[in-house]
Amino acid sequence: MIENLVIVESPAKAKTIEKFLGEGFTVKSSFGHIRDLSKKNLGIDIENGFEPHYTISEDKKKVVSELKTVAKRASTIWLASDEDREGEAIAWHLKEALELSESNTKRIVFNEITKDAIEHAISNPRKIETNLVMAQQARRVLDRLVGFELSPVLWKKVRPKLSAGRVQSAALRLVVEREREVLAFEAKSQYRVVAQFIPNGESQESMVEAELDCKFETEEEAIALLERCKGASFKIEEIEEREGSRTPPPPFTTSTLQQEASRKLGFSLNQTMRYAQSLYEAGHITYMRTDSLNLSKLSLAAAKGAITELYGANYSKVRNFKTKTKGAQEAHEAIRPTYLSNQTVEGTAQEKKLYNLIWKRTIASQMSNAKLAITKIEISSPKLQNSFIATAERLIFDGFLRVYSESKEDEGDSQELATTLPQLDIGQIMDPIAIKAIERFSQKPPRYSEASLVKKLEELGIGRPSTYASTVSTLHQRGYVIKESRPGEKREFKEHTLMGNEISLKVKSQVSGAEKGKLFPEDIGILVNDFLSENFSSIVDYNFTAEIEAQFDKVAEGSLVWNQLIDKFYRPFNKLVEETLAQTKHATLERVLGKDPVSQKEVIVRMGKYGPLAQIGSADDSDKKFVSLAKGQLIETITLQEALKLFELPRVVGSYNDQEIVCAIGRYGPYLRYKGKFISLGKENDPYTINEQESIDLIEQYFERERKKVILSLPKIGVEVLNGRYGPYIKRGKDNFRIPKGIEAEGLTVEKIEEIIEKQIAKKSKK
DNA sequence: CAGTGAGCGAGCTTCCGCTTGACTT
C-alpha cells in the first residue's frame with residue numbers, strides 16, 4: 001500500500017516533483033494523452049449525438065496498465081496534469097481509464113514547479129471541471145470531423161494520400177497567398193537624396209552624412225533638386241537632442257524560441273525542439289512547449305541576484321510580462337534556465353548554444369532599459385525648401401543590450417546613416433562634398449521561413465506550441481511546400497552625383513531579394529489550396545479557429561452544450577462535403593504555353609500522376625512527348641522558353657574512350673551517365689551547357705574517388721575500410737561502423753578493427 | 001538511385017494535441 005499517487009504528464013516533471021514531495025508520495029507520468037478517438041473509421045457516432053469512441057492509444061497501453069496497478073494500491077490519487085483544456089481532459093481520461101473512484105481522486109494544478117506551488121496545490125484540491133473537459137472533447141471531435149471528411153475529398157478530387165485540416169490548411173494558405181503576393185509584386189522606384197558635408201574649416205574626418213527629408217517619384221524631380229543645389233550654401237539650422245530608451249524583449253515562449261534559434265543559430269524548428277527537449281530532460285531548462293511569459297517568483301529573485309552579481313544592481317529591473325497571444329492557455333512558465341546562476345551547461349555544442357540563448361534572453365528580460373542619446377541635425381540652404389537631416393544614436397547606458405539584442409528577419413537593405421556625429425553648433429557652415437540622388441526600389445514581401453510562419457500562426461491563434469513544428473513538417477511531408485534558398489535578382493539603379501558644379505550619372509547594380517531557407521509552395525500545394533479555398537472557404541478562413549475557440553470557451557463556461565455546437569457546425573459542413581463530392585470535377589492544374597516552333601504542336605504544362613510535367617502534343621497525339629518540370633518551376637509561372645528547354649535533356653554530351661556520355665536530370669538532380677555509371681553534376685555545372693571536356697573531367701574525378709574509396713581490404717574477416725562522405729568508416733557486410741576519433745584509418749589492424757566493432761555493437765545493444 | 005504520364009480497382013491514405021522513445025541514416 002502506498003499513500004499518495006500523483007500523476008503528471010511528463011516524466012521529467014515527475015522526477016522533479018517527487019523530490020519536492022518526499023515521503024508518502026509516488027509520482028508517475030501519463031506521457032501526455034492516454035486515450036484518443038478510435039483510429040479506425042471516424043471514431044464518432046454522428047447519429048448518436050456525436051458520441052466519441054475512445055480507445056487507449058497503442059503506445060500507451062503499457063503506461064495505463066502500470067498506472068492502474070499503482071492506483072489500486074494508493075489511498076489517494078492526485079491528478080496533476082496541466083492547467084489547461086487538454087490537461088483537464090487528460091485528468092478525466094485518466095479517471096475513466098484507470099477506473100478511479102470519486103472519493104479518493106483529487107484534481108490539482110500548478111503552473112510553476114516550485115515547492116511552494118506544489119504544496120499549495122496539494123492543500124487546495126478540486127474536482128475535475130467537466131465543462132472544460134467537454135470543451136476539449138468538442139475541439140477534438142471537430143478536428144477529427146474536419147480532417148477525416150476533408151482529406152478523403154482531396155483523395156477523390158485531387159490525388160490520394162493528401163491531407164487537410166483546420167490548422168495545416170490555414171498554414172498552407174498563408175504560404176500560397178504570400179507566394180502570389182510576391183509574384184504579383186511590382187517594384188516601384190524612388191529617388192532619395194543623400195549628401196556628404198564637411199563642417200567649414202574642419203577635416204575629412206568630421207564628415208557628416210545627411211539625407212533629404214523628401215523623396216522623389218521621378219528622375220526629373222531628383223535631377224531638378226540637384227540643379228538647385230549647384231552653388232548653394234548650407235548651414236546647420238537646428239540641432240535636436242533627446243533621450244530615447246529601448247526595453248528588453250520578454251522571455252521565450254515556444255514560438256519566439258523557434259524564431260530566435262532560427263535567426264541566430266540557423267536551427268530548424270525540429271532541431272530547436274529536439275535540443276530543447278534534451279535540455280529539459282537534463283533539468284537545465286523549464287518546459288519548452290509553452291505560450292506563457294510568466295516567470296516564477298523564485299526565478300525573478302534568482303535573475304535579480306545573477307544580474308546584480310555579474311553587472312551591478314543598476315542593471316537589474318524586475319519585470320512581469322503579460323501575454324498578448326490569442327488563445328494562450330499559460331499552463332506553464334516561460335522557457336527559462338532552471339538555475340539562472342548557470343551561464344553554461346554540459347551537453348552537445350548545439351544544446352550549449354541553445355541554452356546560452358535562453359539564458360541571455362531570460363536574463364535580459366529582467367534587466368534595465370537601454371538609454372540612448374539621439375541627435376538630429378537639420379542642414380538647410382536658402383536655395384532649398386527641404387532640409388538635409390543627419391541623425392545619430394549614441395548609447396548612454398547599455399542596460400539589457402549588454403547581454404542580448406533581438407534579431408530581425410528580412411531587414412532589407414535600407415542602410416543606416418552615420419551613428420556618430422562630430423561636435424557641431426547651430427549656424428555652422430557646412431560645405432557639401434557630394435550630393436547624390438540614388439534610385440531605390442521598394443522590396444517585395446518576404447516569403448515565410450518555418451519560424452516566421454509559426455509566428456504568423458501564433459498571431460492568428462492557429463495551432464499550439466506542441467504542434468507548431470509538426471504542422472510545418474506535415475506541409476513538407478505532403479509535398480505542399482519546399483524549403484529553399486534562391487539568389488536575389490541583380491537590378492540596375494541610377495545614381496546622379498553633384499560634385500562641384502557637375503552632375504554625373506552612374507548606373508550601378510545591386511542584388512536584392514535573396515531568400516535563404518524560405519518556404520515555397522509546390523504545385524500540389526497550390527492545387528490543394530485553391531481547391532479548398534474555392535469549395536471550403538469557411539474552413540481555410542484565418543478567423544475560423546478564433547471563432548470556433550470562442551464557442552469552445554462558451555462550452556467551458558457551461559453556457560453551451562458541446563454536441564450542440566458540433567451539430568451546428570457539422571450539418572452545413574457535411575452538406576458542403578457531399579455537394580463537393582457530387583458536383584465538382586477532378587481538380588486539375590493545366591496551362592497552355594503556346595506552340596513548339598519545331599513541330600508546331602501545342603505545349604502544355606499540367607499535373608501528372610507523379611507530379612508536374614510539360615507535354616508537347618495534345619492528349620490524342622500518339623507521338624506526344626513528356627518531361628518533368630524542374631525543381632522550383634511552377635505550372636503557374638513557367639514560360640514557354642523554360643518549358644521547351646526542358647526537352648533538350650537527355651542529351652549526348654560527347655564520348656570518352658569510345659563510350660557515349662549522356663547528360664540528364666533525374667530524381668536526385670542532374671547527372672552524367674557513362675558506362676552504366678551515374679555521376680552527379682555538382683552545383684557548378686549546368687546540365688544544359690556542360691561540354692565534353694568538362695564531363696570527362698568529372699568522370700575522371702569520379703573514377704579517382706572510386707579508386708581511393710577502399711583504404712583497406714580484409715577479405716579474411718569480411719571487412720573493408722572505406723572512404724565515405726563523412727570520412728573513413730568500417731564496413732562489414734551490411735553494417736557500417738564509425739572509426740573513433742584520433743585513430744588513423746590507414747594503420748588499422750585486424751585486432752583493432754574487431755575491437756572497434758565489438759565495442760560499438762555492445763554500446764548499441766545497451767541502448 | 002537516375003523514370004514514369006491509359007484505365008481499372010482493391011486496399012490504403014487522413015485530423016489536432018498531449019507526451020517520449022524506438023527506429024533508421
Side-chain angles (χ1 to χ4, degrees), chain A residues 8-14 29-37 39 41-44 57 59-60 62-63 81-82 84-91 93 136 139-156 159-169 273-274 277-278 280-281 287-289 329 331 462-471 474 477-478 539 545 606-615 619-620 622 624-628 649-650 662-673 676-681 687 724-726 729 736 738 764 767:
Chain A
V8 295
E9 291 180 38
S10 146
K13 202 167 164 180
S29 139
S30 76
F31 293 82
H33 273 295
I34 51 159
R35 299 202 305 185
D36 191 16
L37 295 174
K39 284 245 187 296
N41 310 323
L42 197 58
I44 301 164
S57 318
D59 54 337
K60 298 293 164 58
K62 218 177 127 194
V63 178
S81 44
D82 295 346
D84 59 14
R85 197 165 64 201
E86 297 297 327
E88 201 68 17
I90 290 175
H93 281 295
Q136 191 276 346
R139 200 279 304 154
R140 181 67 193 93
V141 166
L142 180 122
D143 281 335
R144 170 58 68 89
L145 288 170
V146 171
F148 275 37
E149 293 216 358
L150 274 192
S151 300
V153 177
L154 294 180
W155 305 341
K156 290 189 187 90
R159 187 200 282 177
K161 293 191 184 179
L162 298 174
S163 65
R166 175 178 56 86
V167 173
Q168 60 168 286
S169 298
M273 294 316 283
R274 237 192 339 267
Q277 177 87 30
S278 309
Y280 168 67
E281 283 170 13
Y287 198 57
M288 64 284 154
R289 290 185 274 261
Q329 311 220 356
I462 300 172
R464 302 279 312 135
S466 65
T467 59
Y468 292 140
S470 61
T471 297
T474 301
Q477 281 161 18
R478 300 283 172 270
I539 305 295
T545 292
R606 65 175 176 91
M607 204 59 174
K609 222 160 87 183
Y610 310 102
L613 60 91
Q615 179 180 329
D620 50 13
S622 56
K624 60 182 178 289
K625 289 193 285 185
F626 302 103
V627 63
S628 289
L649 294 181
V662 177
C663 182
I665 296 178
R667 258 174 88 176
Y668 311 98
Y671 65 94
L672 295 173
R673 197 170 61 216
K677 302 267 188 218
F678 295 95
I679 301 152
S680 284
L681 248 55
R725 265 171 76 192
Y726 309 109
Y729 66 99
N736 296 339
R738 236 165 3 91
K764 223 178 182 178
K767 270 187 175 176

Practice task
Could you measure between the two C1' atoms, the one in B:dT13 and the one in B:dG9, and give it in whole Å?
Solution key: 16 Å
Exercise for the section: Please state the P separation for the pair B:dC23 and B:dT19 - nearest whole angstrom. Expected result: 23 Å
Figure out the [atom1]/[atom2] separation between [X] and [N], and round it to whole Å.
| X | N | atom1 | atom2 | answer |
| --- | --- | --- | --- | --- |
| A:K39 | B:dC12 | NZ | P | 16 Å |
| A:L681 | B:dA2 | CG | P | 17 Å |
| A:R85 | B:dC18 | CZ | P | 8 Å |
| A:E88 | B:dC18 | CD | P | 14 Å |
| A:R159 | B:dT14 | CZ | P | 14 Å |
| A:R140 | B:dC16 | CZ | C1' | 6 Å |
| A:L142 | B:dC16 | CG | P | 11 Å |
| A:R274 | B:dT25 | CZ | P | 16 Å |

Handout entry: Carboxylate-amine/guanidinium contact A:K13 A:D82, below 4.0 Å
Key = yes
Between [X] and [Y] (side chain of the first, backbone of the second, donor and acceptor by atom type, cut-off under 3.5 Å), is there such a pair?
| X | Y | result |
| --- | --- | --- |
| A:S169 | A:A164 | no |
| A:S151 | A:F148 | no |
| A:T471 | A:T467 | yes |
| A:K60 | A:R35 | no |
| A:E9 | A:S30 | no |
| A:R144 | A:L42 | yes |
| A:S57 | A:D59 | no |

Tell me what [X] touches on the nucleic acid: a base, only sugar-phosphate, or nothing, going by heavy atoms under 4.0 Å.
| X | value |
| --- | --- |
| A:L162 | sugar-phosphate |
| A:R144 | base |
| A:Q136 | nothing |
| A:R606 | nothing |
| A:T471 | nothing |
| A:G608 | base |
| A:R35 | nothing |
| A:A664 | nothing |
| A:V167 | sugar-phosphate |
| A:S628 | base |
| A:G87 | nothing |

Problem - DNA chain B base-pair string [pairs: Watson-Crick or G-U under 3.5 Å; |: paired with another strand] - result: .........................
Problem - Side-chain touch A:Q329/A:R85, heavy atoms, less than 4.5 angstrom - result: yes
Handout entry: Donor-acceptor pair between A:Q168 and A:S163 side chains, under 3.5 angstrom
Key = yes
Exercise for the section: Tell me whether the OP1 or OP2 atom of B:dC15 has a side-chain N or O from A:S163 closer than 4.0 Å. Expected result: yes
Exercise for the section: Would you tell me if any nitrogen or oxygen in the side chain of A:Q615 comes within less than 4.0 Å of OP1 or OP2 on B:dG5? Expected result: no
Handout entry: Heavy-atom pair with the smallest gap, counting every atom of A:S81 and A:I90
Key = CB-CG2, 4.1 Å
Provide a list of protein-nucleic acid N or O atom pairs under 3.5 angstrom, restricted to nucleotides 19-21 of chain B.
{"unit_1": "B:dT19", "atom_1": "OP1", "unit_2": "A:Y287", "atom_2": "OH", "d": "2.3"}
{"unit_1": "B:dT19", "atom_1": "OP2", "unit_2": "A:Y287", "atom_2": "OH", "d": "2.5"}
{"unit_1": "B:dT19", "atom_1": "OP2", "unit_2": "A:R289", "atom_2": "NE", "d": "2.9"}
{"unit_1": "B:dT19", "atom_1": "O5'", "unit_2": "A:Y287", "atom_2": "OH", "d": "3.2"}
{"unit_1": "B:dT19", "atom_1": "O4'", "unit_2": "A:G32", "atom_2": "N", "d": "3.4"}
{"unit_1": "B:dT20", "atom_1": "OP1", "unit_2": "A:S10", "atom_2": "OG", "d": "2.5"}
{"unit_1": "B:dT20", "atom_1": "OP2", "unit_2": "A:Q277", "atom_2": "NE2", "d": "3.1"}
{"unit_1": "B:dT20", "atom_1": "OP2", "unit_2": "A:R289", "atom_2": "NH2", "d": "2.8"}

Problem - Candidates B:dG17, B:dG5, B:dT14 - which lies nearest the side chain of A:Y610 - result: B:dG5
Problem - DNA chain B: 5'-proximal contact among A:Q329 and A:F626 (nearest heavy atom) - result: A:F626
Completion exercise
Comparing A:W155 with A:G463, nearest DNA chain B nucleotide closer to 5' gives the residue A:W155
Exercise for the section: Please confirm whether any donor atom in the side chain of A:R464 sits under 3.5 Å from an acceptor in the base of B:dC16, or the reverse. Expected result: no
